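Everything numeric here is computed off the predicted structure, so don't read it as measured data.
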Amino acid sequence: MTTRVRFAPSPTGYLHIGSARTALFNYLYARHTGGKFLLRIEDTDLARSTEESTRSILEGLKWLGFEPDEEIVFQSNNADKHRAAVAKLLAEGKAYRDFTPKAETADKNVKAAIVERAKENQDMRANPFRDLSKEESDEKAQTEPFAIRLKIAKSGKTSFQDAVYGLLERDYNEIEDLVLLRSDGHPLYNLAVVCDDIEMEITHIIRGQDHLTNSHKQILIYEALGKEPPKFAHLPLILAPDKKKLSKRIHGEIVAMTTYRDAGFLPEAFRNFLALLGWSNKTEQEIMSLEELIDQFELENIHRSNAVFNFEKDNPKHWTDDKAIWMNAEYIRTMPLEELLPLVKPELKAAKLWRDEYDDDDKEWFENTLNLIRQRFFTLKDFSAQGRAFFSEDFDFDKAAIEKNLGKEPNLKIWLPELAVVLENVEDFTHDTLQEVVKEFCEAKGTKLGVLLNGARVLLTGQGVGPSMLAIFETLGKEKSVMRLKSQIVWNL
RNA sequence: GGUCGAUUCGUCUAGGGGUCUAGGACACCGCCCUUUCACGGCGGCGACACGGGUUCAAAUCCCGUAUCGACUACCA
C-alpha cells in the first residue's frame, strides 16, 4: 500500500510558519516513502474561509516547493457525502438527534464558556435525547430542529499508537457525544475530516499536536463508520518567545510565510530551517538539501516537546530567528552560482537594477560580481540595497561611512582625484597590478594603504564596508572607478 | 476545573543507566587573519526544572511537585 498523506489547512488566513512546517513534514514523509502528498482545503466554516486566503496558502506552498500530487480537494464540495455518512450512522443507531436548543454564545466568550461548562464535570452521556426511541425521535424531527450527535459507548477508551508520542489513550467519559451535523444541516469538522480522509484514502495523518484530542474523537467516528483509522503522527507545536502558540493576532506578520519571501529569504534555506524545528537527523549536519532531507526524514526522529521560534520584536538585527537568518546567508554564499542567479534576477528587476546584458554579453561579469558581493549578504534584498552601487550610478552615501573613512584624513579630498588620474593610465586594470599602483601611490603620499582604500570605498560604493577594494576596482572597471573617484558629489554633501 | 503531553545552554538540538568535568549549531564576547565589513580559524560565556526513590552508578528508570503547552464548541 502506498503512503498517502495530506496537508489540510483551513483558509482563514495566510500560510503561517507552523502550517508550513506541517506541510513540509507531510511532503518529506510522502517523498521519503515514495507516496503521495495531497492538499485539502478545509473550508467548511464558510463564515471565516476566504478565497483570498486559499490563494495565499497556495502561493506559500508553491514558494516552498510543495505542489500536491493530485487535484486539490475542497472540503465544502463534499458536504452531501458528509451528510450521507451521518444519515447512515443515524439509521444504524450509532448517532442520535439532539433536540436541545442551540446555545448562542458570542465568539469572544466561547473560550470562557467552555471552561465554565467543563468545570461542572458533568456526565458526558446525560443527554436526554440520547436514548429516545426511533419513533419518538422521528416524530419530533417533523417539527423541531435538531443536531446529530455521535453515540459514544458509556465505558471504554480509545487508544492509538502515535508515531511520535507512542501509545495514547483517552477514556470515553472524557469525550462528549460530539456533534456531527449542526441543526442547520452543516457538517462539522471532525466528521468532515474523517469522511474526506477515508475518501482520499489517507494512510498517515501528520498534523499538529493541538489535534491530539481530535484524533481520539475521529477514531470513534472511524469505528462507527466501520473503517480502519489511519496512522497518526502528531507534531510538537511551534511557540513564540513568550511560549504562546504562534498566532497572527498576537505576533503579527512574523508568522506569515510571505513575510519571509518578501524579505528575501530563499525557499531552500527556509525549508532547511523549518525542518530543524521539531525534527533532527541526530547528526551534526544541519545544512541539508531537499534530497538529503527526504532521504533522512523519519517520523521517529520528530520531537515530543514544543520548539520556540525565536525573534525580538522591534530589533532590526534579530527581527526573526537568528538561525533562519544565518542559514539564509549560508545558502546565499555557498550555493552554486547558477542557482543563485535566477533568484537574484527578480530582486534586481524589482529594484529597476536589472539589465538584459547580464543574461548574455555581461553574464560573466555579472556572475563574478555576484560572487564577490554575496559573501557578506544575508538576504536577496541585500543585492539591491547594499549591492546597489555595483549595478547603478544612483546610490546613496552612508553618512557614518563618510565621517569614518573620509573625515579623518582631509588630504583624501585631493588624493582620491589624483589617484583617479593615476588609475586612468593603468593598462592592466586587475587586482595585482592595481595593488602595485595603489601601494606606490600611498608610499609617495606617506599614508597607509587602508586609509586611501577605505576612502575610495565610500566614493565607489557609498559604504564603509564591503568586499576587498582592489576587487571592487577590478569589478567596476577603469571607467566607473575613475569617474567615481573624481566625483565631487560626496564632498558637497 | 478536568484530561493529555512536555521539561538539557538565551534559542534549535545530541545524548535514552557508567564512554557526560554533558557534544554540536545559532546568538553573544575575545583573539587571529585583514585595506573595511564579513567569511574562516582558535577560544570564551552558557543547560540536565525541583524533591524523593531504584541502583555499585541516574541527564538517562520510577513517583511526586512545579512550570509551560494543548485540548476541553451546533469553530477549524
Quiz item: Distance between the P atoms of B/C56 and B/C50, in whole angstroms?
Solution: 24 Å

Self-check item: C1' atoms of B/C39 and B/G23, separation to the nearest Å
Solution: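 Going atom to atom, C1' in each nucleotide, I get 25 Å.
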
Distance check needed: [N] [atom2] versus [X] [atom1], whole Å only.
X: A/N315; N: B/C28; atom1: CG; atom2: C1'; value: 13 Å
X: A/Q75; N: B/C75; atom1: CD; atom2: P; value: 14 Å
X: A/N454; N: B/U35; atom1: CG; atom2: C1'; value: 5 Å

Quiz item: Using a cut-off of less than 4.0 Å, is there contact between a side-chain N or O of A/K404 and OP1 or OP2 of B/U36?
Solution: no

Quiz item: Do the side-chain N or O atoms of A/K317 get closer than 4.0 angstrom to the phosphate oxygens (OP1, OP2) of B/C28?
Solution: yes

Self-check item: Any donor-acceptor N/O pair under 3.5 Å between B/A27 base and A/N310 side chain
Solution: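 Per atom types, no contact qualifies.
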
Quiz prompt | Presence of donor-acceptor pair under 3.5 Å, side chain of A/R48 and base of B/C75 | solution = yes

Practice problem: May I ask you to decide whether A/R125 forms a salt bridge with A/D177, counting only side-chain N to carboxylate O separations under 4.0 Å? | Solution: yes

[X] has a side chain; which of [options] sits nearest to it?
X: A/L188; options: B/A76, B/U35, B/C4; value: B/A76
X: A/R376; options: B/U72, B/U36, B/A27; value: B/U36
X: A/Q209; options: B/A70, B/A6, B/C26; value: B/A70
X: A/V110; options: B/A73, B/C12, B/G2; value: B/A73
X: A/T44; options: B/G5, B/U13, B/A76; value: B/A76

